[in-house]
Amino acid sequence: MTTMTTQTTPPQTPATPATPTTGLIGIPPNAGRALATAGGALTTASAFLAWTWTAAFPGDLTVYGYPGGLQVLVLLGGALTTLFGLASYGVKGLQWLTPGSADSAIKLSALAAFATAWYTIIAISVQLGGLANLEPGGWVAAIATLAAVLGALSLPFERPATEPADPDDSAWEQYRHNRRNDMTVLKAAFASGTVTPARKIPAYAEILVIVAAMALGLIVFTYGIGTEYDELFVGFLITAGFGFAALFKAGLVARVSAITAKHRTITMTGAFLAAAAFPFTQADDQYATIGVYILIFATVALGLNIVVGLAGLLDLGYVAFLGVGAYTAAMVSGSPSSPFDIHLPFWAAALLGAAVAMVFGVVIGAPTLRLRGDYLAIVTLGFGEIFRLAVLNADGTSGPDLTNGSNGISSIPNLNILGFDFGAEHTIGGFTIARFANYFLLMLLITLVVVIVFRRSSDSRIGRAWIAIREDETAALAMGINGFRVKLIAFALGATLAGLAGTVQAHVTYTVTPEQYQFAHVVPPNSAFLLAAVVLGGMGTISGPLVGAALLYLIPAKLQFLGDYQLFAFGLALVLIMRFRPEGLIPNRRRQLEFHEEAEAPTVLSKAGA
């Protein structure tokens, strides 16, 4: 009897199969691409038709041939869908717009037009009493955007097959394996035309691209601040959110970012000039008020970004340093409520406020920075509350007579620098700028100083030490970095920048009171919102906290019509953003790689294609 032995071999892990070439619905991709492109064009045309018969709905959507209100946003979504659709067909001159995935960009831009158009139609029906109030343009927009979305959903999301890593491999072998998979994905994308290599363009063309990007940023910012009614702002958020995501997936954001990184000085100058032009785009001082508060918020967020984004120290009481600078400036600026009969010039008050904030930063940081993580966060949170309670009790009854207690220091005079009265209107080049516009320009100069300090610090030897501490403090200490000294410098520098912003805030608000500097307050800036601005915008970057602060100040100010549901809607938006964009809106490259695995082809390809 012969015994037969069967040799068993270990099962081989199959390669990850490529995703199907069909989309979410059964329409062939070519037909879907044509449907999405045609739907985008028809959506653009529908914006020139009347959507309702009465001007009772805000924006006057009754005019033929002239888009108004929410129609403008739908027009933009339709135009983007059409452009990306034509680019996917290889139309000469438009391929530069889609170095990444044109199909993903079509989907998101079609969703922008669809969501905004249907939101408008629902709002018209609810406010005016039914669908009978729609004119032909509204029906055309509804059908066109629906067709564009259906066509976009039929487009495939293709990912070539990759070999999985062996779990028994070492970390270095797994890293090399992932890099090989990345190259496989990238080569396949170049071969299929999903990603196109960036063509060299002349230097003057790159500068024109930077100018166009700065102009677009100014237009979007001005439009968002100037939304006159609630429905328009909601539509703006929808269009801006999906539109930015579409540009990102198309690879255009990465391509422009590469150009701006190549010309950093020109980019910074262009951004400064674009921001300086903002007050001249406003007919009155209403929206310049929001602008100056956004700049104060953004400047303080940049200072916190040094502490949190670069050094990795979780500070929950940072708004107290803003209060230190504000109270110091209020006491020495000639206010009748101040216990000191002193009226220093602004430069002296600003330097004094920054210096006092720095001293507080050193005094608080010296005994606490030996702690790490949650313990440090708890201690800094306690410092913020101690500061608020101290100025509340320094009223001459419960403590020394310094801050007038809950009444605060009021009647802070307007600044007067070299004969320029910041409280009066001035005419510059035929444009009249009022009080808040004056302070906006002053705060813009201070923001520029803070940006330069942040940039120089992050690129310096001490900046690299901060990053080392953030990544692994134990390893940094083992390499000879004096962790305590490095963290104390970050704490002191961040406090100094916050105090500098506080000196301007005191003059802008006329009054400083203790409740302005709570950990969580309905109106920013406060410690919770400042930390959210840094995390949402992108830790360790310059533009990230600026964008995050603008959004976190603007959105609550515009969502007041929601009443008690304002914070709920705001918190829900933050949760969604952090779910789909955990590295921040404008991420640092290192943090972006930390939050996204190498297997995520679209992220890798959009960066590589740029």
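- F84 and A246 get closest at one heavy-atom pair: CE1-CB, 4.1 Å.
- Put simply, CD1 on I290 and CD1 on I294 are 6.5 Å apart, with the number rounded to the nearest 0.5 Å.
- With respect to F278, the ring-ring contact (aromatic ring centres under 6.0 Å, His included) criterion is satisfied by exactly one of F272, F436, F221: F221.
- A152 approaches A110 most closely through the heavy-atom pair CB-CB, 4.1 Å.
- Note that CZ of F114 is 11.0 Å distant from CD1 of I238, once rounded to the nearest 0.5 Å.
- Taking the side chain as every heavy atom from C-beta outward, T37 and T81 never approach each other to under 4.5 Å.
- Atom CD1 in I266 sits 11.0 Å away from atom OG1 in T260 (nearest 0.5 Å).
- Side-chain atoms of L531 and Y318, non-hydrogen and from C-beta on, never get closer than 4.5 Å to each other.
- What you find for L310 and G540 is that their closest heavy atoms are CD2-CA, 4.1 Å.
- In this pair, F236 and Y223 present their aromatic rings tilted. The plane angle is within the 30 to 60° band.
- G494 and V307 make their closest contact through CA-CG2, 4.2 Å (heavy atoms, listed as atom of the first residue, atom of the second, distance).
- In this structure, the separation between CG on L70 and OH on Y119 is 7.0 Å, given to the nearest 0.5 Å.
- Donor-acceptor pairing under 3.5 Å is recorded for the side chains of T447 and T299.
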Taking only distance into account, with no hydrogens and no angle test, what donor-acceptor pairs under 3.5 Å do side-chain atoms of residues 209-218 form with protein atoms, sequence neighbours excluded?
none

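- To the nearest 0.5 Å, atom OG1 of residue T541 and atom CG of residue L302 are 8.5 Å apart.
- Rounding to the nearest 0.5 Å gives a distance of 9.0 Å between CD1 of I469 and CD1 of I462.
- Closest heavy-atom contact between G77 and A113: C-CB, 3.8 Å.
- Scanning both residues, A102 and S88, for their nearest heavy atoms gives CB-CB, 4.0 Å.
- A 6.0 Å sphere centred on CZ of R455 holds more than 12 heavy atoms belonging to other residues, nucleotides or ligands.
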Verify salt bridge (Lys or Arg N to Asp or Glu O under 4.0 Å) between K249 and D103, making sure each step is shown before the conclusion. CA-CA 9 Å; K249 286 295 184 181; D103 288 348; over 6 Å; no
